[in-house]
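Right, one structure below, let's go through it.
Along the sequence shown, residues are numbered consecutively beginning with 1. Note that the coordinates shown come from a computational prediction; the quantities given were computed from them, not determined experimentally.
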Amino acid sequence: MMLRKNLVLLLLMLIVGVRANSQSRIHQSFNQDWKFFLGDVTAAKSSDFSDLSWRKLSLPHDWSIEGKFDLKNPAKPEGGGLPTGVAWYRKTFTLPANLQQKNIFIEFDGVYKNSEIWINGHLLGKRPYGYSSFNYELTKYLKPGENVIAVRVDNSAQPDSRWYSGSGIYRNVWLTATENIAIDHWGTFVSTSAVSKTTAKLNFKTEIRNKAGLKGEIDVQSQVYDAKGKLVAAVRTDHITLNDTLVTVAQSSTVDQPELWSVNNPHLYKVVTKVFSGKRLVDNYETPLGIRYFNFDAAKGFTLNGEYLKILGVCMHHDLGALGAAVNVRAMERQLEIMKDMGANAIRTAHNPPAPELLDLCDKMGFLVMDEAFDMWAKKKNKQDYHLSWNEWHVRDLQDMVKRDRNHPSIIVWSIGNEIREQFDSTGVAMTKELVKLVKDLDTTRLLTSALTETDAKKNFIYQSGALDIYGLNYNHKLYKDFPKNYPGQKFIATETTSSLDTRGFYEMPSDSIRRWPKDGKTKFTEGNAEFAASSYDNVSAYWGSTHEETWREAKKYDHVSGLFVWTGFDYLGEPLPYPWPARSSYFGIVDLAGFPKDAYYMYQSEWTNKPVLHLFPHWNWTVGKMVDVWAYYNNADEVELFLNGKSLGKRTKQGEDLHVVWSVKYEPGTLKAISKKNGQVVLVKEINTAGKPAKIELLADRTQIGADGKDLSFVTVRILDAQGNLVPDADNLVQFKLEGEATIAGVDNGFQASLEPFKADYRKAYRGLCLAIVQAKNKAGKLKLTATSAGLKSALVSISVKGIK
């Protein structure tokens with residue numbers, strides 16, 4: 001009897017849910033079943049144009065990553081050395097009957113760049129900035145039966161970027177249907193005030209669009225649910241008189257005993273805003289909410305929820321390695337997982353608004369965010385960059401970024417620019433004031449900065465504006481100490497640091513000799529090596545920067561340094577300084593392009609986390625008799641003792657500001673072993689063995705179960721091993737992949753910055769013993785088998801389960 005009652009109740013709830021949804025907002029993916037053509041066909045904007053011969057695909061899509069690396073490509077190595085150009089996308093669709101009486105909008109999270117959108121031959125608009133999200137209304141141009149959306153994307157004018165941008169509709173597209181009375185696009189803003197561990201005041205601001213100019217009154221209800229779905233607060237405002245176009249409703253409520261959002265406990269609430277016309281629900285809108293409070297202090301740094309916290313951040317460009325710029329939530333999540341495991345607690349979106357899904361992940365995973373708008377203002381850095389659109393578009397683009405992103409609890413700082421050239425002339429004063437006002441008219445709950453490079457305050461006109469809330473300094477780590485003396489009372493954050501150059505698995509000695517590559521901005525780079533690599537001993541940096549250890553020693557030392565953002569968390573496509581072609585991706589990352597950590601990763605892990613760390617390097621395959629510098633990063637221990645073939649080479653302890661210990665060892669084949677101890681007790685043991693010739697392949701999938709949603713990924717690491725199972729540190733075997741089942745190989749990589757092999761392939765050479773295959777599910781459940789083979793090696797197979805999506 002009780003079971004029957006529960007079933008009846010569930011059925012009633014489902015019916016009510018369907019009715020409510022049918023009367024209010026519908027928001028759905030519009031990514032499937034597009035047609036694509038690489039080239040310019042002006043007739044494609046017409047609805048009667050035939051695209052039968054065009055390629056079928058689903059979005060998001062980056063056509064540049066599918067191309068071949070070539071020095072002749074107009075984007076140049078600084079832009080990744082991949083093709084750009086002009087392309088078209090088209091989609092034919094029939095509007096379902098339940099949407100035909102609604103107002104219909106199409107939303108683009110990002111198109112790179114210079115997009116032009118048509119519906120049934122009618123131009124909806126243009127959007128130059130490739131990182132802005134935007135929407136258009138389709139309603140009055142729609143017709144019964146088939147409708148055609150056409151999108152022209154023009155990324156032909158090059159060079160336009162200092163890094164790889166990608167090309168195409170590289171972020172998600174959505175279709176939204178609303179009633180005539182509906183919450184406006186990005187029309188809610190939920191902020192908190194008077195937050196403590198016992199109570200929090202919530203402030204709701206809701207903008208409601210009256211599309212048809214209806215007369216009368218509406219009621220607005222805001223409900224707050226915790227992570228378990230429990231209603232914890234609600235407020236309702238009745239009898240709101242409709243304006244002809246837009247009405248703004250302000251409300252407030254209180255949550256008692258709030259669970260505060262933090263980097264270690266990223267608890268999220270959900271705000272559900274409902275709009276009623278009479279008794280009829282006309283809109284239903286969800287907004288994320290994290291309740292937290294924070295403060296920056298000029299002397300003591302940053303506090304989150306009243307507790308001091310050093311901001312341990314990394315800068316991240318938007319590409320996803322072998323996947324290019326095309327947004328994939330799992331790929332972004334993997335990057336953040338790797339950074340979290342290293343101890344990072346913050347991300348700077350360099351140097352543009354990110355995909356909204358990245359901010360969703362930061363909310364859920366506990367990352368603080370510096371959300372950045374621009375890499376240039378009116379003064380150019382490249383001939384074809386955003387400066388060409390600045391006068392017409394910067395107001396709209398900045399406002400749209402803030403409106404879109406301001407409900408994310410992860411965001412604590414807005415950045416209006418990176419290394420802006422208006423620092424150096426008086427135009428920077430008025431422009432800074434204008435941009436700051438644009439942001440603060442929409443949000444006063446975060447601090448505002450710009451990443452500065454001019455260190456003479458009298459010559460820095462962005463700083464002279466007096467409009468910034470916190471001083472953001474790029475590089476110049478030696479200036480941290482005296483910052484309070486030179487800028488009394490000024491809050492401080494290191495917006496960009498380091499620019500160390502490292503290639504995973506490559507080592508040059510002496511390890512204690514620091515090199516600046518190139519030595520300045522004018523001298524031609526003549527150093528380097530035939531491998532086009534940079535030593536992973538953390539002893540090479542760009543001339544404007546410093547090594548990881550040089551920077552962190554200073555940042556950790558001073559409380560007034562509220563935090564830092566290391567350049568960069570991951571290698572990224574483009575900007576392959578200091579090497580010329582065939583180098584085509586950066587050397588700056590703590591992690592390489594494939595997601596394999598470089599050695600410095602473990603320095604940060606030993607400093608930024610409490611988990612036991614003992615990392616021993618380099619590999620142990622050298623010429624007999626060669627003197628080799630052996631480093632160890634460690635924590636939670638008093639000392640480390642090193643053994644070679646069972647013989648102790650002595651104990652080492654970090655002294656003063658040391659961040660590692662080192663031994664100079666005469667090479668002989670065998671086993672290198674390190675033992676860390678605390679109070680005489682063993683903490684960790686690490687061994688490195690001399691490897692023999694490559695004998696077999698090992699496959700390691702980061703996940704052996706993925707979802708059948710057409711997007712989910714398994715990242716499969718390929719290791720080249722000797723007969724005893726040791727990684728062969730110089731192995732460069734060509735590995736061939738075969739995939740069985742309903743999935744594709746979405747990309748392959750090996751992390752080497754000067755590899756010109758394509759990312760879209762079923763083969764890859766290993767670099768320093770490793771490469772990667774990325775398996776992407778289709779829309780069907782089942783079993784996958786990935787086999788890796790290479791001439792002369794024992795093959796390997798990994799099985800992956802694809803589960804259906806409920």
Side-chain angles (χ1 to χ4, degrees), residues 64-65 67-71 73 75-82 161-166 314-325 335 338 350 498-508 515-518 525 527-543 545 547-548 566-601 618 717-718 729-732 747-759 761 764-772 774:
S64 290
I65 203 68
K68 294 181 179 180
F69 292 105
D70 194 324
L71 183 58
N73 283 326
K76 306 296 185 184
E78 291 74 20
L82 287 164
S161 178
R162 299 188 301 116
W163 58 85
Y164 175 80
S165 64
V314 295
C315 302
M316 296 284 281
H317 271 314
H318 72 299
D319 79 69
L320 297 169
L323 302 177
Q335 287 190 337
I338 293 170
T498 311
S499 281
S500 178
L501 305 170
D502 310 82
T503 299
R504 173 191 52 80
F506 178 85
Y507 305 94
E508 284 187 325
R515 307 153 194 182
R516 310 296 183 202
W517 286 2
F525 179 63
E527 295 87 353
N529 49 70
E531 192 166 321
F532 281 66
S535 176
S536 195
Y537 275 120
D538 186 28
N539 62 344
V540 188
S541 83
Y543 67 88
T547 67
H548 294 287
V566 179
W567 191 264
T568 52
F570 275 66
D571 281 346
Y572 54 92
L573 285 163
E575 203 172 12
L577 185 129
Y579 283 108
W581 190 262
R584 46 66 173 162
S585 61
S586 85
Y587 291 73
F588 298 121
I590 304 169
V591 176
D592 75 17
L593 202 67
F596 303 139
K598 304 176 189 179
D599 293 289
Y601 180 93
T717 297
V718 182
D730 59 352
D732 61 356
V748 291
D749 197 2
N750 61 18
F752 181 44
Q753 296 103 332
S755 171
L756 297 183
E757 293 175 285
F759 290 126
R764 192 69 171 191
K765 288 184 71 175
Y767 179 73
R768 298 280 164 183
L770 299 176
C771 62
L772 178 78
I774 307 170

Shortest non-hydrogen separation from Ala325 to Gly166 and the atoms involved: CB-CA, 4.0 Å
Beyond-backbone contact of Tyr164 with Ser64, side-chain heavy atoms, under 4.5 angstrom: yes
Backbone of Gly545 reached by a side-chain donor or acceptor of Ser499 within 3.5 Å: no
Nearest non-hydrogen partners of Ala350 and Trp567, listed with the distance: CB-CZ3, 3.5 Å
Note, Glu508 side chain near Tyr537 side chain (heavy atom, < 4.5 Å): no
Phe759 vs Leu593 side-chain heavy atoms within contact, under 4.5 Å: yes
Ser585 and Pro576, any side-chain heavy atoms less than 4.5 Å apart: no
Rounded distance [0.5 Å steps], CZ in Arg584 versus CG in Leu71: 14.0 Å
His317 and Tyr572 aromatic ring geometry - parallel, tilted or perpendicular at 30°/60° bounds: perpendicular
Full working for side chain to side chain donor-acceptor pair (under 3.5 Å) between Thr503 and Gln753: CA-CA 8 Å; Thr503 299; Gln753 296 103 332; 3.2 Å; yes
Least distance between heavy atoms, Trp581 atom then Pro77 atom: CE3-CG, 3.6 Å
Nearest heavy atoms of Tyr543 and Arg516, plus distance in Å: CA-CB, 4.0 Å
Side-chain heavy-atom pair Leu82, Ile65 within 4.5 angstrom cut-off: yes
Spacing of Leu577 atom CG and Glu78 atom CD [to the nearest 0.5 Å]: 9.0 Å
Beyond-backbone contact of Cys771 with Asp749, side-chain heavy atoms, under 4.5 angstrom: no
Pairwise distance CD1(Ile590) to OG1(Thr498) - rounded to 0.5 angstrom: 7.5 Å
Ion pair check, Glu757 and Arg764, cut-off under 4.0 Å: yes
Under 3.5 Å side-chain donor-acceptor pair for Asp592 and Tyr587: no
Evaluation steps, side-chain contact (heavy atoms from CB on, under 4.5 Å), between Ser535 and Asp502: CA-CA 5 Å; Ser535 176; Asp502 310 82; over 6 Å; no
Test of ring centre spacing under 6.0 Å for Phe588 and Phe570: no
Steps toward side chain to side chain donor-acceptor pair (under 3.5 Å) verdict (Asp599, Ser536): CA-CA 6 Å; Asp599 293 289; Ser536 195; 2.8 Å; yes
Residue pair Arg515 / Glu527, side-chain heavy-atom distance below 4.5 Å: no
Student check: side-chain heavy atoms of Val591 and Tyr601 closer than 4.5 Å: yes
Cation-pi geometry met for Arg504 and Phe596 (6.0 Å, 45°): no
Distance flag, aromatic centroids of Trp517 and Phe525, threshold under 6.0 Å: yes
Donor-acceptor under 3.5 Å (Asp538 side chain, His548 main chain): yes
Point-to-point distance, once rounded to the nearest 0.5 Å, from CD1 of Ile774 to CG of Leu320: 9.0 Å
Lys76 backbone acceptor or donor facing Asn73 side chain under 3.5 Å: no
Charged N-O contact under 4.0 Å between Asp571 and Lys598: yes
Parallel, tilted or perpendicular, as decided by the 30° and 60° cut-offs, for the rings of Phe752 and Tyr767: parallel
